[in-house]
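Structure, as structure tokens:
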Amino acid sequence: MPGSVKLRSVKKFGQENDGYEFSDEGKLFSILDMLYCRFALQFRFASCREICMMIFGSICAIIHGSAQPLMLLVFGMLTDTFIEYDIELNELTDPEKVCVNNTIQWRNLTEEENLALNMTKSCGLLDIEYEMTNFAYYYVGIGAGVFILGYLQISLWITAAARQIQIIRKMYFRKVMRMEIGWFDCTSVGELNTRMSDDINKINDAIADQVGIFIQRFTTFVCGFLMGFAKGWKLTLVIVSVSPLIGVGAGLMALFVAKLTGMELQAYAKAGAVADEVLSSVRTVAAFGGEKKEVERYDRNLVSAQRWGIRKGLIMGFFTGYMWFIIFLCYALAFWYGSSLVVDTQEYSPGTLLQVFFGVLIAALSLGQASPCLEAFAAGRGAATIIFETIERKPEIDCLSEAGYKLDKVKGDLEFHNITFHYPSRPEVKILDQLNLQVKSGETTAFVGPSGAGKSTAIQLIQRFYDPKEGMVTLDGHDIRGLNIQWLRSLIGIVEQEPVLFATSIAENIRYGRPGVSNDDIVTAAKEANAYNFIMDLPQKFDTLVGEGGGQMSGGQKQRIAIARALVRNPRILLLDMATSALDNESEAVVQEALDKVRMGRTTISIAHRLSTIKNADVIVGFEHGRAVERGKHEELLDRKGVYFTLVTLQSQGDKALNQKARQGDILVFDSFYPILSLFHCICRASLHQRSRSQLSNVVPELSVAITGDGLPDDDSEEVEPAPVARILKYNAPEWPYMLFGSFGAAVNGGVNPVYALLFSQILATFSMPDPVEQRREINGICLFFVVVGLVSFFTQLLQGYAFSKSGELLTRRLRCLGFQAMLGQEIAWFDDHRNSPGALTTRLATDASQVQGATGSQIGMIVNSLTNIGVAIIISFYFSWKLTLVILCFLPFLALSGGFQAKMLTGFAKQDKEAMEAAGQISGEALNNIRTIAGLGKERNFVEMFEAQLEAPYQAALKKANVYGACYGFAQCVVFMANSASYRFGGYLVYQEGLHFSFVFRVISAIVTSGTALGRASSYTPDYAKAKISAARFFQLLDHIPKISVYSDEGDKWDHFKGDIEFIDCKFTYPSRPDIQVLNGLSVSVRPGQTLAFVGSSGCGKSTSVQLLERFYDPNSGRVLIDGRESTRANVAFLRSKIGIVSQEPILFDCSIEENIRYGDNQRHLSMDDVIAAAKKAQLHDFVMSLPEKYDTNVGSQGSQLSRGQKQRIAIARAIIRDPKILLLDEATSALDTESEKTVQEALDKAREGRTCIVIAHRLSTIQNSDIIAVMSRGYVIEKGTHDYLMSLKGAYYKLVTTGAPIS
């Protein structure tokens, strides 16, 4: 160990061991470490094998990089040969001169006289064709080497990266699943999903083939300079003196781009969170007609991202232009000085000048081409920092840690000692205040008290979702912080009010309770939870899929599956958080009985608002303001006349009327219909169980509509035809001026390359001129021309960069908006399809829209650039030598082919990658959304394993991609060498046989080869282009999908004097996602304007479904729904929904202020603050809001998690009231409330019902006994209807239900 070590403290249980402290030598190490980390940050997960691959790949890249400078050696010799030959020809054009004995001599002088005149130039020795053949062989040899090296370099790097990315994905997900719940309160799930997909892809881009290409180009840069110095140091120094200017430009560019990319990412993550929230609550959005509002909100969040993107483009354009400008100045300087070294002092041969100059030029160009790689590295490092920060963060409560005791014998005594607590997301609100409380083993303890008094929080502390700020929770006298978490949670079974099920079969859901449980145990648990019968009624029985979040099951069914899941654990401690509040009578009676059975011999804590559920508890504890204020049995507490007494007396008055009618023996059945009341304005409950996303509102399809593996054709495999570019451009049409100017800039930039070729060959030609004065003048002219070209290049690059980033960013934003709008316009049945889960849709918005840029925007720039480049080059070359041009053009198809081949292969991969990742994305999305349930069940490991299993496919695809992509790359690189070998050989032939001037050979070859590399560059963009077309196709598929029930269309009837007269006539209905279960079976019932209709019946009988038909979330398969005598299917959807207000059992609130949530009720008109307050007063909400620090501007948190259930419910009622609807739908609107809130809310609802047609669904009969019509439903139709008194006198199903809670036959 470096330095001395001193012991600081002994390791406590459950903490990592940080008991040692290092002295100073350690510090130095850590600083070096840190610097190393900055560089090797992205590669920290490479194993030995990957490191070997990367090293070998790098060696290949280095050798590959040195190939071009090597070629220059050959090129220099070749040039000298040509010039020598040309000078010889020039000499011999003089009729006075003749070739004698291989020396040029004056025709009419003797040999001695010629010697005296220094006539020693040789002639006739140079066989130009033979020399050129040799050079051609050199080229072919180098080309073959390049092919092999290029292949190895790319495939090794991609393979190594694929492995590491797989590890990073695993590590990240593993770490996120280990985080404590408090961390999730402060981090939005949408953001985490974005991180999982986009950011990790950015890291991939930064550690894959880009690194190999960067090393290759960097080597070329180094070798080029080395060659320059070796061959001619003077000229090299002159050129190098200018190069810091380029370096500075490149550095600044990388810096700015990384910064701006970071900002852009942040802005997109925000927009992604909005989309995620809206798509998760799509039913609420539809019910309140909030589609346009949400699209606007999403768009607002996109604006800032767009701004950053445009800035990025502008800065990149500026720096690219600046770099080209400097490079051209370099040329001018180099040729001016170099030619004087050749002509005046004769230090260099022309070939050496070219070797030095091209060596340095290629070096500089390679550095320029390496800069896009730097951009990828910078983006990757930005993303890696965030990802690795999470990977390195130590969770405060590590649920997967092995540390901690496991007790041999658990009695189950729980005790709270002086506990003070606030949620990490809201440190200013104290939830528990010096709570002291004992729960004895084997007893049932009930917690009662107003919403927000800290009852659920206490339960979460027992599960150790949070640790208290002060005080401790003990189990059998042991502080639970010292116990092993997984073991502790395995002792606890929890049943919540809103249970979360996972998107798998019923049996698997129950099996989540305990790993390795047998099928018999599952059946037993299902029987105990009274779930067995309804499960056996389903076609697939225990293998029925429950849909995302259990969305295919009714509330009662979900609840019973959740209870079975808790029972299968055989827990020592049972926590019931309002476990039966969501059930109807019949289920409740049975579930309650099941719970009573399973409570025996276990420590049970029950939170409930219905007294019947807690009357027979061993101990009842009254909570108030985060303290336990009283405890005792039912009778004792009644004598004390405290909190509990007030609750009970208030409750029994409400029940009197009913109880006299329906009393049998001394059982007060009706206790079970009233929740417990609270007398206090509750403190805001902070993040109470994040709502599960599928319970989007009342409108969960009632019957278990499972998505069966075989029942649905699996459309994931459907082929998407790539979209036509013309259509993509149509969406970019409004930006045509930008695109026009950008294309103009790009075209000018494209013309620059061939202009080089002209100038170079011109300079070469000057070297064989006989007249020195003429020579000098020519050279100066050419150098000046270089400067001009540089200036032009600067401005056009700037123009191209800005114009295309502007048009591209505007397009991306427009497409995201259109896509989001199209999603919100789909009918609700579309969202029931598992492929359209919120997670998958958000990912699609994020990635597809930005990939479409690959077909427009900067890509158009590249294409125009390459096309003008090739065009100008071909015109020049045909003009100077058509024969040679034709020979070289034979090679262009190969260049194009390698590009096209690359594109073809990559499109194939893009699709598989995407699909493979989508499967993993669904798992991670489900896991993150239901993290509390997963933590409670201790199932983090399962989800991590499932996620990791899904990563195998993308990994295999990447390996396949590596080989193909490598081969294409090698091929594309070597074609240039092959082209050179053929063309110089043929050039030699033309010069010799047809007297072509040698400078034309260079002109033609360099013009076409530079244009060929331009073609290669264009083809390197083909993968983006291909991805873009596929993404666009998927996007257009979404935009073209015509919903069966369209919100946006103006078709359909609208009428004045909307009365609210509703009639269902023989409606039959099945959910589209599960056509084999008939939910409504000939429903016929009517309600006149102003009347109240109540639906009663057991869960799954079609009550909520009928409400959804009225809202037109679905249309009936047969039969009709008449509204004011008109068919609902003919009515305008938006108009119809605007007349309906809905309050559901689990209201969905949006992550914005209370005021905005209330305003959401009416998106058609502008509402004043007075309207909002009036609605809040009617909903008994105003006083509570005024007691909050920020009043109406208080943020309600994601899915309303910062408020208690009662508070959320009242906001939802205010939201429905402000709409001033003609029809009011109440789906169990008060079931989640305690008595006091319920009374006030019930009053508010009674007031709201006046003068409106109202449809109520309730499980508590007391809330509906004064309805005008009560319809008793069973199996999808009405079995009896009438007023309460009439139905009681019939002594039929309703009577039975009221008196005994017996099943409705």
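We count residues from 1, following the sequence as given. Please read all numbers here as calculations on a predicted model, not as lab measurements. Hydrogens, waters and symmetry mates play no part in the numbers below; they use all other heavy atoms, side chains included.
Closest heavy-atom contact between P838 and L279: CG-O, 4.0 Å. Residues A1175 and I1218 come closest through the heavy atom pair CB-CB, 4.0 Å. Taking each heavy atom of N930 and L501 in turn, the nearest pair found is ND2-O, 4.5 Å. Pairing each heavy atom of M179 with each of T390, the nearest pair is CE-O, 3.6 Å. Across A1216 and I1142, no two heavy atoms sit closer than the pair CB-O, 3.9 Å. Across all their heavy atoms, C817 and L302 have their closest contact at N-CD1, 4.4 Å.
Using a cut-off of 4.0 Å between Lys/Arg side-chain N and Asp/Glu carboxylate O, K1177 and D1170 are scored as not salt-bridged. A salt bridge is absent between K293 and E296; no separation between the charged side-chain nitrogens and carboxylate oxygens falls under 4.0 Å. A salt bridge does not link E389 to K175: none of the charged side-chain nitrogens sits closer than 4.0 Å to a carboxylate oxygen. Taking 4.0 Å as the cut-off between side-chain N and carboxylate O, E940 and R489 count as a salt-bridged pair.
Side chain of R1219 to backbone of I1140: a donor-acceptor contact under 3.5 angstrom is found. Panel note: side chain N436, backbone N418; a donor-acceptor pair is recorded below 3.5 Å. When atom types are taken as modelled, the side chain of E264 and the backbone of W308 share no donor-acceptor pair closer than 3.5 angstrom. Proximity of a side-chain donor or acceptor of N301 to a complementary backbone N or O of Y298 within less than 3.5 Å is not detected. For R178 (side chain) and P395 (main-chain N/O), no donor-acceptor pair under 3.5 Å exists by modelled atom type. Side chain of D1193 to main chain of E1155: no donor-acceptor pair is present (N/O by atom type, distance under 3.5 Å, no hydrogens or angles).
Interatomic distance, CD of E470 versus CG of D433, reported as 9.0 Å (0.5 Å rounding). Atom CD1 of I480 sits about 7.5 Å away from atom CD1 of I462, to the nearest 0.5 Å. Residue K1208 holds its NZ atom at 7.0 Å from CD1 of I1148, rounded to the nearest 0.5 Å. Note that OG1 of T457 is 5.5 Å distant from CG of L432, once rounded to the nearest 0.5 Å. Here N1157 contributes atom CG and Y1192 contributes atom OH; the two are 12.5 Å apart, rounded to the nearest 0.5 Å. From S1168, atom OG reaches atom CZ of R1159 across 7.0 Å, with rounding to the nearest 0.5 Å.
Under the 3.5 Å distance criterion, with hydrogens and angles disregarded, a donor-acceptor pair is assigned to the side chains of R932 and Q460.
Each of F184, Y466, W183 was checked for a ring-ring contact (aromatic ring centres under 6.0 Å, His included) with Y423, and the lone residue meeting it is Y466.
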For F502 and E926, what are the C-alpha separation, side-chain angles and deciding distance, and is it a side-chain contact (heavy atoms from CB on, under 4.5 Å)? CA-CA 8 Å; F502 298 103; E926 184 173 36; 3.6 Å; yes
For R297 and E294, run salt bridge (charged side-chain N to carboxylate O under 4.0 Å, His left out): C-alpha distance rounded to whole Å, both residues' side-chain angles, the deciding distance at 0.1 Å, then the answer. CA-CA 5 Å; R297 176 159 79 117; E294 291 305 351; 2.9 Å; yes
Just do the side-chain contact (heavy atoms from CB on, under 4.5 Å) check on E396 and D467 with the steps written out, would you? CA-CA 9 Å; E396 288 167 29; D467 282 338; over 6 Å; no
Tell me, with the steps shown, if E180 and R464 meet side-chain contact (heavy atoms from CB on, under 4.5 Å). CA-CA 9 Å; E180 72 276 10; R464 222 182 141 209; over 6 Å; no
Where do M823 and N836 land on the side-chain contact (heavy atoms from CB on, under 4.5 Å) test, with the steps shown first? CA-CA 9 Å; M823 284 175 187; N836 301 322; over 6 Å; no
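Between F421 and L435 there is no side-chain heavy-atom pair separated by less than 4.5 Å. Counting only heavy atoms from C-beta outward, the side chains of R283 and Q1108 approach each other to under 4.5 Å. A heavy-atom distance below 4.5 Å is found between the side chains of I1213 and I1217. Side-chain contact between V1107 and F1113 is absent, with no heavy-atom pair separated by less than 4.5 Å. The shortest side-chain heavy-atom distance between E291 and Q821 does not fall under the 4.5 Å cut-off. For the pair T420 and Q434, the minimum side-chain heavy-atom distance is below 4.5 Å. When side chains are defined from C-beta on, I934 counts as touching M177, because their heavy atoms get closer than 4.5 Å. Proximity of T284 to F1150: side-chain heavy atoms (C-beta onward) are separated by under 4.5 Å at one or more points.
The aromatic rings of F288 and Y1160 stand perpendicular to each other, their planes meeting at an angle above 60°, with 30° marking the opposite boundary.
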